[in-house]
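Before any comments, here is the structure.
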Amino acid sequence: MDKIQHKNLHVNGINMHIAEIGEGQPILFVHGFPELWYSWRHQLLSLSSLGYRAIAPDLRGYGDTDVPPSVSSYTVHHIVGDLVALLDLLKIDKVFLVGHDWGSHICWWFCKLRPDRIRALVSLSVAHMPRNPNRKPLQSMRSAFGDDYYICRFQEPGVAEEDFARVDPAIIIKKFLVGRNPGLFRIPKDGLGRNPKKGIILPSWLSEEDVNYYASKFKQTGFTGGLNYYRAMDLNWELTAPWTGVQVKVPVKYIVGDLDITYNTPGAKEYIHKGGLKRDVLFLQELVIMEGVAHFLQEERPEEISAHIYDFIKKF
């Protein structure tokens, strides 16, 4: 870990922190919620040892990167803009892209907005989601899953933050990272920060040191930046209208765990396995369903994920 270099760069009007190691063809790793560059620590070390330049930023709103206050500063255009500006600053023309969770969602849009900058994509957990031109996403989610669905609970500014603030950030990090219930993630009215004294047993792949790193950064920034990605979903829907129906036209490998909540969301398996994903992702080359694996697969199965990434990108 001490070989990983850390830099603070000015891109797209914000200060961005990146972690970087290695030389060779560049790979850009894009994290999700509630994560950081640190989520890719295993892949940074593994892929750099195989001859790649591995780069993992803290996205806007996270860690040591700036946290713009307005929800309207967290659209896919802003975040893809940050990543394009980062590549420009680093003088990188084309990059291998690896995303997880919200990072995957950003990567899908990166491929639709600027396919000229992408060699290939490895998407973890979150499949491509086509834009429904007839209804905003939050309306669809409230109708299908109810107001206690976690994305709906995250919408009102300050409410989730107040809930999370009831306990040490380490408790919140643990509740997210160790969850293995593949059902819909619901947050009751009394919040996620309830039962703070209830013990959470860490799995072998996650240490107290890991949790404390995440917690220290979220204690510094709060959770609002990350939550703003959810709060900008309807705004994204409005702004991306011109790209309705646009296919992803870069080579793609998609990997998901069979216990992942995103894979078990109603309708997801049908879309992934019955032609929808292949229709919208024109050059989908590999589809991997990992058995007994939950949402944070790059941390739960780091060696396997690194091998999956390498086996795919070495072709290009």
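Numbers for residues simply follow the sequence, beginning at 1.
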Return the set of residues passing side-chain contact (heavy atoms from CB on, under 4.5 Å) with [X] (not counting sequence neighbours), or none when no residue passes.
X: Val250; answer: Cys111, Pro115, Ile118, Leu121, Val248, Val252
X: Ala120; answer: Phe96, Pro251, Phe312, Phe316
X: Ala19; answer: Ile4, His6, Trp37, Leu44

Notebook entry, point to check: Which word best sums up how the rings of Tyr230 and Tyr150 line up, parallel for under 30°, tilted for 30 to 60°, or perpendicular for over 60°?
Noted result: perpendicular

Next item on the list: State whether the number of non-hydrogen atoms from other residues, nucleotides or ligands found under 6.0 Å of Gln220 atom CD is greater than 12.
Entry: yes

Margin query: With a sphere of 6.0 Å drawn around NZ of Lys274, does it hold more than 12 non-hydrogen atoms of other residues, nucleotides or ligands?
Written below: no

When you compare the side chains of [X] and [Y], does any donor N or O come within less than 3.5 Å of an acceptor on the partner?
X: His100; Y: Glu35; value: yes
X: Asp260; Y: His295; value: yes
X: Tyr38; Y: Asp58; value: no

Per-pair distances, 0.1 Å, donor-acceptor, side chain in residues 138-146, under 3.5 Å, sequence neighbours excluded:
from	atom 1	to	atom 2	distance (Å)
Ser140	OG	Arg135	NE	3.1
Ser140	OG	Lys136	O	3.4
Arg142	NH1	Asp147	OD1	3.1

If you link I, L, V, M, F, W and Y whenever their side-chain heavy atoms are under 4.5 Å apart, who else ends up in the same group as [X]?
X: Leu235; value: Leu239
X: Phe283; value: Leu282
X: Val126; value: Met129

Next item on the list: Step through it carefully: locate the ring centre of His77, locate the ring centre of Trp243, and say whether they are under 6.0 Å apart.
Entry: yes

Check: Who are the ring-ring contact (aromatic ring centres under 6.0 Å, His included) partners of His10, not counting sequence neighbours?
Finding: none

Check: Can you list every ring-ring contact (aromatic ring centres under 6.0 Å, His included) pair that touches residues 110-131, not counting sequence neighbours?
Finding: Trp108-His128

Can [X] and [Y] be counted as an ion pair, charged N to O under 4.0 angstrom?
X: Lys217; Y: Asp64; result: yes
X: Glu300; Y: Arg180; result: yes
X: Glu208; Y: Lys174; result: yes
X: Arg41; Y: Glu209; result: no

Check: What are the two closest heavy atoms between Ser104 and Ser123, and how far apart are they?
Finding: OG-OG, 3.2 Å

Next item on the list: Of all the heavy-atom pairs spanning Ile79 and Tyr74, show the shortest one and how long it is.
Entry: CD1-O, 3.5 Å

Side-chain atoms of residues 22-34: list all donor-acceptor pairs with protein atoms under 3.5 Å, sequence neighbours left out, distances to 0.1 Å.
from	atom 1	to	atom 2	distance (Å)
His31	NE2	Leu59	N	3.0

Notebook entry, point to check: Met290 versus Arg301: any side-chain heavy-atom pair under 4.5 Å?
Noted result: yes

Next item on the list: Mind jotting down which residue pairs meet the side chain to side chain donor-acceptor pair (under 3.5 Å) criterion with at least one end in residues 78-91? Sequence neighbours excluded, please.
Entry: Asn12-Asp82, Arg60-Asp82, Thr75-His78, Asp88-Arg117

Note to self: Suppose the criterion is side chain to side chain donor-acceptor pair (under 3.5 Å): which pairs have a residue in residues 247-258, not counting sequence neighbours?
What the structure shows: Lys253-Glu286, Lys253-His308

Note to self: Please evaluate residues Tyr214 and Phe176 with respect to the criterion ring-ring contact (aromatic ring centres under 6.0 Å, His included), reporting the C-alpha separation (whole Å), side-chain torsions for both, the decisive distance (0.1 Å), and the verdict.
What the structure shows: CA-CA 12 Å; Tyr214 286 115; Phe176 274 98; over 10 Å; no

